[in-house]
Amino acid sequence: MKKLQDYMQWPEIEALEYAECGRTETVLGPKMAGRTHVLITAFFPEAKKVSVKLTGLSDVYPMEKMDECGYFAVLIPAKKIPVYTFLVEGKKTRKPLEIPDVYALDSLFDGLDMSQFNHGIHETVYEKLGAHPVTIQGVKGTWFAVWAPNARAVSVVGDFNGWDACCNPMRFLPDAGIYELFVPGVLAGDLYKYEIWGHDGRRVLKADPYAYYSEKRPNNASIVWDLQSYKWQDKKWMDARKTWKYEKEPMLIYEVALGTFRKPDDGEDSYYNYREIAPLLADYCLEMGYTHIELMPVMEYPFDASWGYQVTGYYAPTSRYGTPEDFMYFIDYLHQKGLSIILDWVPAHFPKDEHGLARFDGTCLYEHADPRQGEHPHWGTLIYNYGRPQVENFLIANALFWLERYHIDGIRMDAVASMLYLDYGKQDGEWLANMYGGNENLEAIAFLQVLNNKIHARKDGVISIAEESTAWPKVTGRPQEDGLGFDLKWNMGWMNDYLEYIRTDPLFRKGRHGMLTFSMMYQYSEEFILVLSHDEVVHMKGSLYTKMPGSRKDKFSSLRLTYGYMAAHPGKKLLFMGQEFGMEREWSEQRQLDWELLNPVDDEPSENELLRQYVGHLNAFYKKHPALYEDDTKPSGYEWISVLDADRSVIAFLRKCKEETLLVLCNFTPVAYEDFRVGVPFAGKYKEIFNSDSEEFGGSGFVNPRQKQSKRVKWDGRPNSIECKLAPLSVQIFNCTKIPSASGRKPKTDRAKKTGR
């Protein structure tokens, strides 16, 4: 009969003791030793004694310590592998600790899990991969699992084992390329990483790609966390959201960098907790009339100056502002206040930080191996390999994770153009064409279509938004019709053209009149959001205030005009925080907004405060008038009145819906007109109901207090017109009322003049 020593596989055991054993099942756990005995082996480097206790029996078998590193073994007489636990006596423990043999446990991954993951369709894979506190055989601990198919060996390390890779080597599931392990005694709040002995021979400590929580930078360990404890209170909101029709509803989006909206003090690293900032942000947005808050990325990121757009922890809300439960409270609170939350999400690229996804298992696992496919040269980041099913699964499950676990109302996908074009930001020789010789990223296109289909299949009112800066067709078209499937697209063309136009000296704007009107040429090719985003107030571009030419008074007049024109133009609206009150400095991630600009000057409201009040009034006006939003996506909701008046830099148009018609006049020069004539859609009465030049907003008060009766005077190609005051650098809106008596007939006095009677 063989002795215990005869069953020892010393090369594999030595590899185990050096954390180089990628197949732990060869040297750990139970195995049949012939027909009459079972060999049980274990590795406890810190143990003094280890015994095997058979479950349901009184039998206890002391294990023999086979070497000084802590490898234990025992032969038990049995014809099949029994159910058992270990009794482990440490050097400092008073009594043995009873724990299961973690290498004898069944995997959490069944065949369906592995098949779905391998095919990229496991929508809740985050419930299996990552770190999950569980209780097994009465013992509390955490089940760890990580995808690293090309690694030579993987260990989970943390405070619980002195960050020693020898203590908890993980077992490998070759059918899925996953390493997994249950570690007794590891609880929520414990720090951990994976030490990966990569395919390239390097040992690297990696954060968990599926971690629910992470350390605050500059530290970057993952933190074991359980997301089940929070009790949501927003059921009423979530139920109502299912019936929401964004196309016909007002959307006023306040874009926010959460850590710099307000700070508790001047410290660069000083932040409010998610729970503390929730009422501050909600109260302000409600006062201002916003309907949505768009958060710049809150997924964990290491570098503050990336503003969250270089993510390392896709499943973890950043610990800068608190715990996952704190973030849940933040969302819950805003929902109960009636505010929708949109999250910026970055599936386009990821940073090269060593603890992140880059060369995760010693190979280019998440990225392409060829730098012509796998790198953004001008961003210094890596591009996802969308054609690898497990990578696609990682991203799709992540988007759905935020919708499911955090009740997010919308996803805004960053840098979509960089995903669609293989040559985005690259020179000749820096990119590879697709199989048809084109520059379209076919795998990214398919990824976006699949993801948008999955989002909409939920039928819970969630919307998807694309930041796409080119003329790619059908961004908001249905995937079944070769579209990408987004609900809305940022109108970057309008933003770029308008900002270039408005920064031009008014004297020369007539030469750029087409930049003001061109947006209506393509308005109905997609469903748009008009944006004045954070991208336009950073990197030495100056704030919106500094873009406006002229005197300080002209700058504020131009800002009022800009926001008024934006409100009247078709499309949903987004404005970056601080611009609503005329921030004069560029935004910086290092400080809060310049709220002191709102302080009174000589006991009078500052110009910044008056602008803030104006935007609040404008937002309320926009929501009150369905003509400004109800038919945004229909050509019937807009009609030009005057589009060719380049010499005076004036445009006039109608916004319409079933309930009302509004006449909008925009004057983009500092010249006022006492008797400005404009064509009107029909004979009737015209009442000015909004004027950005009103004194209450800091304007000159060049307004039209009295209702105007149209006259049978042809103008702008219309049979009827009105004469009004046109304020400088202003937007003016008139309510149009068709009166039965004003049927368009010429009065008798006109006929008398014509006939000579």
Side-chain angles (χ1 to χ4, degrees), residues 11-27 117-118 120 129-131 144-158 161 163-181 192-211 214 219-222 302-303 310-314 349-377 379-395 430-432 443:
E12 288 82 357
I13 293 171
E14 184 177 9
L16 178 73
E17 294 169 351
Y18 282 95
E20 295 178 352
C21 182
R23 302 295 181 268
T24 55
E25 67 275 5
T26 62
V27 288
F117 181 58
N118 287 335
L129 288 168
F144 296 93
V146 62
W147 180 54
N150 305 302
R152 298 182 181 183
V154 180
S155 295
V156 58
V157 297
N161 62 14
W163 298 89
D164 185 350
C166 296
C167 294
N168 297 107
M170 304 178 78
R171 65 184 185 185
F172 187 60
L173 305 177
D175 289 344
I178 291 170
Y179 284 85
E180 66 170 358
L181 190 69
Y192 73 99
K193 285 186 179 181
Y194 299 114
E195 182 174 298
I196 296 180
W197 184 29
H199 185 77
D200 55 4
R202 297 179 64 237
R203 290 185 179 274
V204 179
L205 286 173
K206 290 287 189 179
D208 188 349
Y210 288 85
S214 299
N219 298 324
N220 51 44
S222 301
F303 183 43
Q310 294 191 11
V311 180
T312 53
Y314 274 77
H349 61 130
F350 59 94
K352 297 180 179 180
D353 297 60
E354 187 172 67
H355 73 278
L357 298 178
R359 294 192 64 84
F360 190 79
D361 62 358
T363 69
C364 294
L365 187 62
Y366 286 87
E367 69 272 34
H368 287 276
D370 191 324
R372 292 174 296 176
Q373 295 173 290
E375 293 193 27
H376 278 300
W379 289 346
T381 55
L382 301 173
I383 302 171
Y384 284 103
N385 184 346
Y386 304 105
R388 184 166 288 159
Q390 297 90 338
V391 174
E392 182 184 38
N393 203 149
F394 170 76
L395 291 169
E430 294 181 341
W431 63 282
L432 292 178
E443 294 166 344

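For the numbers below, each heavy atom of this structure counts, side chains included, while hydrogens, waters and symmetry mates do not.
The shortest side-chain heavy-atom distance between Pro351 and Phe303 does not fall under the 4.5 Å cut-off. With a 4.5 Å cut-off on side-chain heavy atoms, Pro389 and Asn118 do not count as touching. Using a 4.5 Å heavy-atom threshold, the side chains of Asn385 and Cys364 count as separate.
Here the straight-line distance linking atom CD of Glu443 with atom CD of Gln373 works out to 8.0 Å at 0.5 Å rounding. Atom CD of residue Gln310 and atom CG of residue Leu382 lie 9.5 Å apart, to the nearest 0.5 angstrom. If you take CG on Asn150 and CG on Asp200, they are separated by 10.5 Å, rounding to the nearest 0.5 Å. We find the NE2-CZ distance between His355 and Phe360 to be 11.0 Å, quoted to the nearest 0.5 Å. Atom NE2 of residue His368 and atom OH of residue Tyr386 lie 8.0 Å apart, to the nearest 0.5 angstrom. We find the OG1-CZ distance between Thr381 and Phe350 to be 8.5 Å, quoted to the nearest 0.5 Å.
Here the shortest heavy-atom pairing between Asp208 and Ala131 reads OD2-N, 3.6 Å. Heavy atoms only, all atoms of each residue included: Val27 and Cys21 are closest at CG2-SG, 4.0 Å. Here the closest non-hydrogen pair linking Ala148 and Val154 is CB-CG2, 4.3 Å. Shown here for Asp370 and Leu432, the closest heavy-atom pair between the two residues is OD2-CD1, 3.6 Å. Across every non-hydrogen atom of Ala19 and Trp197, the tightest pair is O-CE3, 4.4 Å. Between Ala151 and Ile196, the shortest heavy-atom contact is CB-CG2, 3.8 Å.
Side-chain N or O atoms of Glu367 include one that pairs as donor or acceptor with a backbone N or O of Arg359 at under 3.5 Å. At least one donor-acceptor pair closer than 3.5 Å links the side chain of Lys206 to the backbone N or O of Ala358.
Residue Glu14 qualifies as open at atom CD: its count of foreign heavy atoms under 6.0 Å is 12 or below. Residue-environment remark: NE2 (His376) exceeds the threshold of 12 foreign heavy atoms within 6.0 Å.
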Problem - Evaluation steps, side-chain contact (heavy atoms from CB on, under 4.5 Å), between Trp163 and Lys193 - result: CA-CA 9 Å; Trp163 298 89; Lys193 285 186 179 181; 4.0 Å; yes
Handout entry: Check against salt bridge (Lys or Arg N to Asp or Glu O under 4.0 Å), Arg203 and Glu195
Key = CA-CA 7 Å; Arg203 290 185 179 274; Glu195 182 174 298; 3.2 Å; yes
Practice task
Evaluate the criterion side-chain contact (heavy atoms from CB on, under 4.5 Å) for residue pair Arg388 and Leu365; output intermediate values, then yes/no.
Solution key: CA-CA 9 Å; Arg388 184 166 288 159; Leu365 187 62; 4.2 Å; yes
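Under a 4.0 Å N-O distance rule, the pair Lys352/Glu375 qualifies as a salt bridge.
Using cut-offs of 30° and 60° for the angle between ring planes, the Phe394 and Tyr384 rings count as tilted. Note on ring orientation: taking the six-membered ring where Trp is involved, the planes of Phe117 and Trp147 are perpendicular (angle over 60°, cut-offs 30° and 60°).
A donor-acceptor pair shorter than 3.5 Å cannot be found between the side chains of Thr312 and Asp353.
Remark: Val156 engages Phe144, Phe160, Asn168, Met170, Leu181, Val183, Tyr192, Tyr194 in a side-chain contact (heavy atoms from CB on, under 4.5 Å) (not counting sequence neighbours).
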